[in-house]
S.K.: 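Just dropping this structure here.
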Protein chains: 2
Amino acid sequence: MSDYKHPLTDAEFVLNELVQFDQLCADAGLEDINSELASVILTEAGKLGSGMLAPLNRTGDLNHPVLGDSGVQQTEGFAEAYKEYVEGGWATLTAAEEFGGQNLPNVLGTAVNEVWQTANLSFALCPLLSQGAIESISHHGSDELKQHYLPKLVSGEWTGTMNLTESDAGTDLAAVKTKAVPNGDHYLITGQKIFITWGDHQMTDNILHLVLARLPDAPAGVKGISLFIVPKFLLDENGNPGERNDAHAVSLEHKLGIHGSPTCVMSFGDNGGAVGYLVGEENKGLAYMFTMMNHARQGVGLQGLAVSEAAYQHALQYAKDRIQGTNKDGSRYPIIRFPDVRRMLMTMKSGTEAMRALCLVAAAEADRDNAARIELLTPIVKGWVTEFAQELTYLGVQIHGGMGFIEETGAAQFYRDARILTIYEGTTGIQALDLVGRKTLVNGGESLQALLDEMTADIAQFESLGGQFTLAAQQCRRSLDNGIAARQWLLDSAADKNAPGSACVNFMMLFGFLCGGWLMAKSAMRAQAKLDAGEGNPEFLQAKLATARFFCEHMLPRTQSCLASVMAGSDSIMQLDEEQF
Amino acid sequence: MSDYKHPLTDAEFVLNELVQFDQLCADAGLEDINSELASVILTEAGKLGSGMLAPLNRTGDLNHPVLGDSGVQQTEGFAEAYKEYVEGGWATLTAAEEFGGQNLPNVLGTAVNEVWQTANLSFALCPLLSQGAIESISHHGSDELKQHYLPKLVSGEWTGTMNLTESDAGTDLAAVKTKAVPNGDHYLITGQKIFITWGDHQMTDNILHLVLARLPDAPAGVKGISLFIVPKFLLDENGNPGERNDAHAVSLEHKLGIHGSPTCVMSFGDNGGAVGYLVGEENKGLAYMFTMMNHARQGVGLQGLAVSEAAYQHALQYAKDRIQGTNKDGSRYPIIRFPDVRRMLMTMKSGTEAMRALCLVAAAEADRDNAARIELLTPIVKGWVTEFAQELTYLGVQIHGGMGFIEETGAAQFYRDARILTIYEGTTGIQALDLVGRKTLVNGGESLQALLDEMTADIAQFESLGGQFTLAAQQCRRSLDNGIAARQWLLDSAADKNAPGSACVNFMMLFGFLCGGWLMAKSAMRAQAKLDAGEGNPEFLQAKLATARFFCEHMLPRTQSCLASVMAGSDSIMQLDEEQF
């Protein structure tokens, strides 16, 4: 995938027309930041992504990191790329100026992250995890911890990891067993964590592990979990990496995808205890994790967009190159002219555009401090985008025909890499339960209603467009009605304790497609307005009209089957005894 | 997946209640064959599948065949398993008695094939390809060719391969370039074929390659392709393998899945020309390929069922074992009790049951010589079952959570293996075009109407069941109406040349789900009748009622979105210029 090209025009369109980036910056008091600067930054990011990261994507797939005596050795070329990333200041974009950051809006940081994730998902996981660590320490760490660790995390000189999962504690963090025993100004951590992304490597001279562990006297369950910083190397009196801490990668997983990213089993305290420093207060670790969860989950949703975009570009190139059709005069033509290949390409193109719109609109809510909307959109971004990414990367393989199944072609890698996205950072089922439970039932459906109200206004406007958009607007209206009906069904079904869990994934997928259709409808209206005004790139804007129309006509009908499944309830889902399976 | 267990009771249910196996045998004059014999055969097949083939499934995934100086060396253990398969007489089931076969009905052969494909898809591809070769030679070969080659193909002492694809001729066989030059009683073949499954191995002392090639004076395009037998070893005067023919595997593909099956690039005639014998008449090769295409395509559809069944059994075991929930009293329970996990398991269980019903019902049409119905169902079996298999194997990974992404778990292998099924033996797009074109438009929708009429009668009966089936029957009726509307739309849309190609995949998926729902509804009626009569295993029959209900309530609504996409037509699919992508 060395020919990756960042879709700058579409990112700019979403930032300017859907997010209203200049207004957002002005509202946030960021006077020096505007859409022109954003374009410059995105253009430069695109160069690094295409030029340096994308060519390493397949390298990482073929040449996995290996665990040796001195820890994990990352894939050749990754350290040089990471160095360039750090030297370009890319790690610092959204961090606070106080710690060396550039204080750029979250939505711009997200748009830039898309570049890294598309060019090389395995590589980009490393800085993404660091961003999570920065957020945890920024929000909950003492001033001392911030001074010691944030500047080098922000610069990218050190990286961060998140250590939550244990072999018996995955989704169920209440079961965390790793221990932390107070020992003077620090704690001694012992235990084993699994699935630790970029848990070790040689790209930086220190790694900061954020670790969930339990104090000796802690309450049982999730109320007894605390959060610690466990550096790979303890800092000396000058704040530089000194003594090796008792925290080691002890094995690497053999995975289906993201081979370039080392997934470590981390062992803490094999030699007496790893030195850890408490973040915030004791027993509040889970709450602190939730602080960064919105950002992390939206980040994984963005990966769904990214790997779909990569798959799309790869498949598009093949569809243009692969000659298969024969005209009556004997001349040949490429498969992109076949309607079914078109259908697949349009699904991919319109799908990635809808994903990008949703990811950036959701990211901008953080800049607007719109807490209720962030909370609501996060499980949709994570759940729907990553599920839809499975279909789009699947189509990427399909367009290649037999060549898609051959690893050298490259299409299969995107398909394999994408498969983790509906699992880590909370499975699809967890996202969907979050959406129906904490984000809807808890507030009587209020925040969902606010979103539906906003959609209702926009879709009414879309309906007035008429012409070629008549069917598309009908499908928008129908999907909106489906969303309204699903919300009401959920609120009315509280008597059945199995109802939310049975319906949640279809509920979430319904709202995902509805959000996508709503934002594509808005995109069409903005594009039409610009065309009418003679502004912008007419080729791009005309294409946006077509993708918006396709998405509404061909993707939105899925909300019908989602609603039907939601409303079928839990009866037939829960009917069998366990022994009858 | 060494704990594979053949779902004998469900296979028996489909054979007895949907296929009416005893009646089928009586009608075909097969007096010695009945459902009791079928159960004995399936039981024995299940033992070989569980005991010998399934334990080699992961072995093949890890230890790929390798190409050495003496050809392809298959995975260790495969030769012993193949020997056992041959010695058990399993290769001979459905072949003609004249050549050593047992002349069993196709539907029983299909039910047995399910066992091999589920236990070890890579292994089972080898005998599946041999069955294709047997069929080609039986239908079109001269008596001499039959005498020379059929007995050992039927016994399994030799295996067969199909050599169609070239690097520039995949779906588009008109572009085949391999040459055949007459040379006395045979032809000399030169050219290269790709994607040749089990193109070489050491399990048997000969391999018969069926090769499409072009004579020097052949017309251009598909009307100039002829079919040849090219044995790996030429036969000596006693009919035994003698001189090595000029046909060699020159490389092996690195694939996403089915690693245990060697996928070869075959080179013919590197040293002057491979000796080939013409099958049937010159220039009729493509027509001969079509003869065996129904069988081969239904065989791949069956693989979709098989890999889904394997994924289901694997995921079910995990869902029962994996402890994650906590009761209020602190006791723990497994994830199978979570409604969303139930939803996934029910999708897999009801989905595989619907697939099995359709695969066996379609296979039985061959025993009834019901040509129009075979033609109609084949693209649905191949297209829908293999597409649905992608979702079911995806869910198999998802149920495992993070462990699903780890290769050692085994769930990922089914997901990877399944990915080829929508590609080889004609992609989903090709199946769907076949359904809308040659199978529907060509006959004015007549054979589809006959199927819809049959469904209409059965669904009216299902509606009369009432009670817990009220919603399920409503969804059946609605899906039937969707099928009727889709057929009519297709017939009415002939003016738009892009309409069939744009709509075909959604059209096919609609009819796939409708067929599944129809057969599950029939299953529910038969199960209810048996329960009412006090016959059969009540646990199994009650479970069948539940899976039928689930399928109708939760899967059939998808026909709505398929229909909407069909009826949206080609406008937005074809709207963009190629440059606008």
Side-chain angles (χ1 to χ4, degrees), chain A residues 165 170-172 174 195 253-256 316 324 326 336 338-340 342-343 345-346 349 390 394 397-398 401-402 404-408 412 419-420 422-424 427 429 471 498 501-502 504-505 539 543 546 549-550 553-554 557-558 560-561 564-565 568 570 572-576 578 580-581, chain B residues 165 170-172 174 195 253-256 316 324 326 336 338-340 342-343 345-346 349 390 394 397-398 401-402 404-408 412 419-420 422-424 427 429 471 498 501-502 504-505 539 543 546 549-550 553-554 557-558 560-561 564-565 568 570 572-576 578 580-581:
Chain A
T165 304
T171 296
D172 182 19
F195 298 160
E253 304 289 358
H254 304 103
K255 310 186 298 285
L256 173 59
L316 176 61
Q324 183 136 282
T326 307
I336 191 173
F338 291 118
D340 186 55
R342 279 293 174 107
R343 179 189 61 81
L345 286 172
M346 286 298 287
K349 179 169 168 61
Q390 308 304 312
Y394 168 82
V397 173
Q398 191 69 13
F405 199 65
I406 306 299
E407 287 287 0
E408 281 84 348
R419 189 62 194 85
I420 189 60
T422 64
I423 297 172
Y424 65 18
T427 63
L471 176 60
N498 290 320
S502 295
C504 62
V505 168
E539 284 292 299
R549 193 182 153 194
F550 175 90
E553 290 180 0
H554 290 272
R558 298 176 178 196
Q560 288 280 110
S561 45
S565 192
S570 68
S572 64
I573 289 176
M574 303 302 289
Q575 196 167 359
L576 288 186
E578 280 168 41
Q580 285 179 299
F581 276 95
Chain B
T165 304
T171 296
D172 183 18
F195 298 160
E253 304 290 358
H254 303 104
K255 309 185 299 286
L256 173 59
L316 175 62
Q324 183 137 280
T326 307
I336 191 173
F338 291 120
D340 186 55
R342 279 293 175 107
R343 178 190 61 81
L345 286 172
M346 285 299 286
K349 180 170 169 59
Q390 308 304 313
Y394 168 82
V397 174
Q398 191 69 14
F405 199 66
I406 306 299
E407 287 286 0
E408 280 86 347
R419 188 63 195 84
I420 190 59
T422 64
I423 297 172
Y424 65 18
T427 63
L471 176 59
N498 290 321
S502 295
C504 63
V505 167
E539 284 291 300
R549 193 182 153 194
F550 175 90
E553 290 181 0
H554 290 272
R558 297 176 179 197
Q560 288 280 111
S561 45
S565 192
S570 68
S572 64
I573 290 175
M574 303 303 290
Q575 197 166 358
L576 289 186
E578 280 168 39
Q580 285 179 300
F581 276 95

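Labels below follow one simple rule: chain letters A, B, ... track the order of the sequence lines, proteins then strands, and each chain is numbered from 1.
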S.K.: With a 4.5 angstrom heavy-atom cut-off, which part of A/K349 approaches chain B: side chain, backbone, both or neither?
M.R.: side chain
S.K.: Please classify the contact of A/I336 with chain B as side chain, backbone, both or neither, using a heavy-atom distance under 4.5 Å.
M.R.: side chain
S.K.: Using the side chain to side chain donor-acceptor pair (under 3.5 Å) definition, which of the options A/E553, A/R549, A/R343 pairs with B/S572?
M.R.: A/E553
S.K.: Using a cut-off of under 4.5 Å on heavy-atom pairs, state which of B/T171, B/T165, B/D172, B/L345 scores highest against chain A.
M.R.: B/D172
S.K.: Quick one: do B/Y394 and A/T422 satisfy side chain to side chain contact (heavy atoms under 4.5 Å, CB included)? Show the steps, please.
M.R.: CA-CA 10 Å; B/Y394 168 82; A/T422 64; 2.9 Å; yes
S.K.: What are the two closest heavy atoms between B/I423 and A/G402, and how far apart are they?
M.R.: CG2-N, 3.4 Å
S.K.: If you count heavy-atom pairs under 4.5 Å with chain A, which of B/Y424, B/F405, B/F550 comes out on top?
M.R.: B/F405
S.K.: Report the distance from atom CD of B/Q580 to atom CD of A/E539, rounding to the nearest 0.5 Å.
M.R.: 4.5 Å
S.K.: Quick one about A/Q398 and B/T427 (side-chain donor to acceptor, distance below 3.5 Å, no hydrogens or angles considered), yes or no?
M.R.: no
S.K.: Among B/Q324, B/M574, B/Q390, who wins on heavy-atom pairs under 4.5 Å with chain A?
M.R.: B/Q324
S.K.: Between A/S502 and chain B, which part of the residue has a heavy atom less than 4.5 Å away: side chain, backbone, both or neither?
M.R.: both
S.K.: In terms of heavy-atom proximity below 4.5 Å to chain B, should A/L471 be classed as side chain, backbone, both, or neither?
M.R.: side chain
S.K.: What part of A/F338 lies closer than 4.5 angstrom to a heavy atom of chain B: side chain, backbone, both or neither?
M.R.: neither
S.K.: Give, as side chain, backbone, both or neither, the part of A/F195 having an atom under 4.5 angstrom from any heavy atom of chain B.
M.R.: side chain
S.K.: Under 4.5 Å, counting heavy-atom pairs only, tell me which of A/G429, A/G404, A/G170, A/A546 racks up the most with chain B.
M.R.: A/A546
S.K.: Picking from B/V397, B/I420, B/V505, B/N498, which has the most non-hydrogen pairs under 4.5 angstrom with chain A?
M.R.: B/I420
S.K.: When rounded to the nearest 0.5 angstrom, what distance separates CD in B/E407 from NE2 in A/H254?
M.R.: 10.0 Å
S.K.: Chain B heavy atoms under 4.5 Å from A/L316: which part of the residue, side chain, backbone, both or neither?
M.R.: side chain
S.K.: For chain A, which candidate among B/Q575, B/E408, B/R419 shows the most heavy-atom pairs at distances under 4.5 Å?
M.R.: B/R419
S.K.: Of the backbone (N, CA, C, O) and the side chain (C-beta and beyond), which part of B/F581 lies under 4.5 Å from a heavy atom of chain A, both, or neither?
M.R.: both
S.K.: Examine whether an atom of A/T326 lies under 4.5 Å from a heavy atom of chain B, and if so say whether it belongs to the side chain, the backbone or both; otherwise answer neither.
M.R.: side chain
S.K.: Output the distance between atom OG (B/S561) and atom CZ (A/R558), rounded to the nearest 0.5 Å.
M.R.: 7.0 Å
S.K.: Please test B/H554 against A/I573 for side chain to side chain contact (heavy atoms under 4.5 Å, CB included), starting from the C-alpha separation and ending with a verdict.
M.R.: CA-CA 9 Å; B/H554 290 272; A/I573 289 176; 3.7 Å; yes
S.K.: Under a 4.5 Å cut-off applied to non-hydrogen side-chain atoms, are B/P339 and A/S570 in contact?
M.R.: no
